[in-house]
Amino acid sequence: INKFPDVSFHSENNEVGLFAKLKEDLNIPLFSVHRLDKITSGLILIAKSSESAAELSDLFSSRQIEKYYVAVSDKKPKKKQGIISGDMKKARRGQWKLCRTYENPAITRFSSLKHEDKYLFLLKPQTGKTHQIRVAMKSICAPIVGDVLYGGTVSDRGYLHSIKLSFSHKGKKYEYINFPNVGKLFKVEEVERLMSEIIL
């Protein structure tokens with residue numbers, strides 16, 4: 001499914017979450033496989049059987065599902081491309097922080113392109129830690145536009161989108177690509193062109 005930004009995956013504060021609403025609307029059993037942060041939009045895999053959920057969860061944990069995200073920052077990154085890695089620990093006010101230890105590190109590969117005064121990032125997390133990409137972006141001095149928790153500029157949305165998922169399951173290859181359709185910065189014609197170039 002395509003999750004919209006500013007929608008919680010799980011129900012919270014007496015507000016029905018995306019997963020509960022989806023089960024209610026479809027009126028079939030559904031099983032959670034992974035989730036996206038509230039600010040993040042884009043592709044989510046949801047299973048229709050506990051067997052499929054277990055199999056897909058195993059693919060995620062063994063890093064056999066390739067995940068790609070796009071993000072926008074209005075700050076110049078410390079480096080244009082590479083790997084961001086380190087252990088993550090809880091910090092203040094619901095934040096996480098990247099540490100210099102490597103006992104169970106979060107690992108994110110990234111590349112970036114500049115367009116006018118903004119930077120478009122393609123990110124491929126190798127692991128699936130809470131707030132991993134948002135923390136990674138802050139660590140290279142390029143917080144995501146709209147992600148005020150991690151120092152991003154206030155905007156109409158958090159500019160992080162799950163754009164591509166690819167994996168093999170029971171001998172069949174699956175690939176899903178879904179470009180963001182919400183957010184003024186994502187809808188800039190040149191940014192749309194650059195996203196097409198880097199993901200297709």
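The figures here come from the full heavy-atom set of this structure, side chains too, leaving out hydrogens, waters and symmetry mates. One is the number of the first residue; the rest follow in order along the sequence.
- Between F121 and Y119, the ring-plane angle classifies as tilted under the 30° and 60° cut-offs.
- I133 and L160 make their closest contact through CG2-CD1, 3.8 Å (heavy atoms, listed as atom of the first residue, atom of the second, distance).
- Checked by atom type and distance alone, the side chain of S41 never pairs as donor or acceptor with a backbone atom of H161 at under 3.5 Å.
- Exactly one of H131, K138, R134 qualifies for a side-chain hydrogen bond (donor to acceptor under 3.5 Å, both in side chains) with Y150. That residue is H131.
- Side-chain atoms of S11 come within 3.5 Å of backbone N or O of G17 as a donor-acceptor pair.
- Between F19 and H10, the ring planes lie perpendicular to each other; the angle is over 60°, past the 30° to 60° tilted range.
- Atom CZ of R109 has 12 or fewer heavy atoms from other residues, nucleotides or ligands within 6.0 Å.
- The environment of NZ in K129 is crowded: more than 12 heavy-atom neighbours from other residues, nucleotides or ligands sit within 6.0 Å.
- We find that D74 and K76 are not joined by a salt bridge, their nearest charged nitrogen and carboxylate oxygen being 4.0 Å or further apart.
- More than 12 heavy atoms of other residues, nucleotides or ligands shown are found within 6.0 angstrom of CG on D25.
- Environment of NZ in K79: crowded, with over 12 heavy atoms of neighbouring residues, nucleotides or ligands closer than 6.0 Å.
- A donor-acceptor pair is defined here as one N or O able to donate and one able to accept, closer than 3.5 Å; such a pair exists between the side chain of K3 and the backbone of T40.
- Side-chain contact check for E51 and S49: no donor-acceptor pair (N or O, by modelled atom type) lies under 3.5 Å.
- The 12-atom threshold is not exceeded at CZ of F4, counting heavy atoms of other residues, nucleotides or ligands nearer than 6.0 Å.
- For K172, the NZ atom sits in a loose shell: 12 or fewer heavy atoms of surrounding residues, nucleotides or ligands are nearer than 6.0 Å.
- Put simply, the side chain of N2 never gets that close to the backbone of N178: no donor and acceptor are under 3.5 Å apart.
- No donor-acceptor pair under 3.5 Å is formed between the side chain of S8 and the backbone N or O of K38.
- A salt bridge is defined here as a Lys NZ or Arg NE, NH1 or NH2 lying under 4.0 Å from an Asp or Glu carboxylate O, and K164 with E175 meets this definition.
- Heavy atoms from other residues, nucleotides or ligands lying under 6.0 Å from CD of Q95 number more than 12.
- Between the side chain of S57 and the backbone N or O of A54, no donor-acceptor pair lies under 3.5 Å.
- Shown here is E189, whose CD atom has no more than 12 heavy atoms of other residues, nucleotides or ligands within 6.0 Å.
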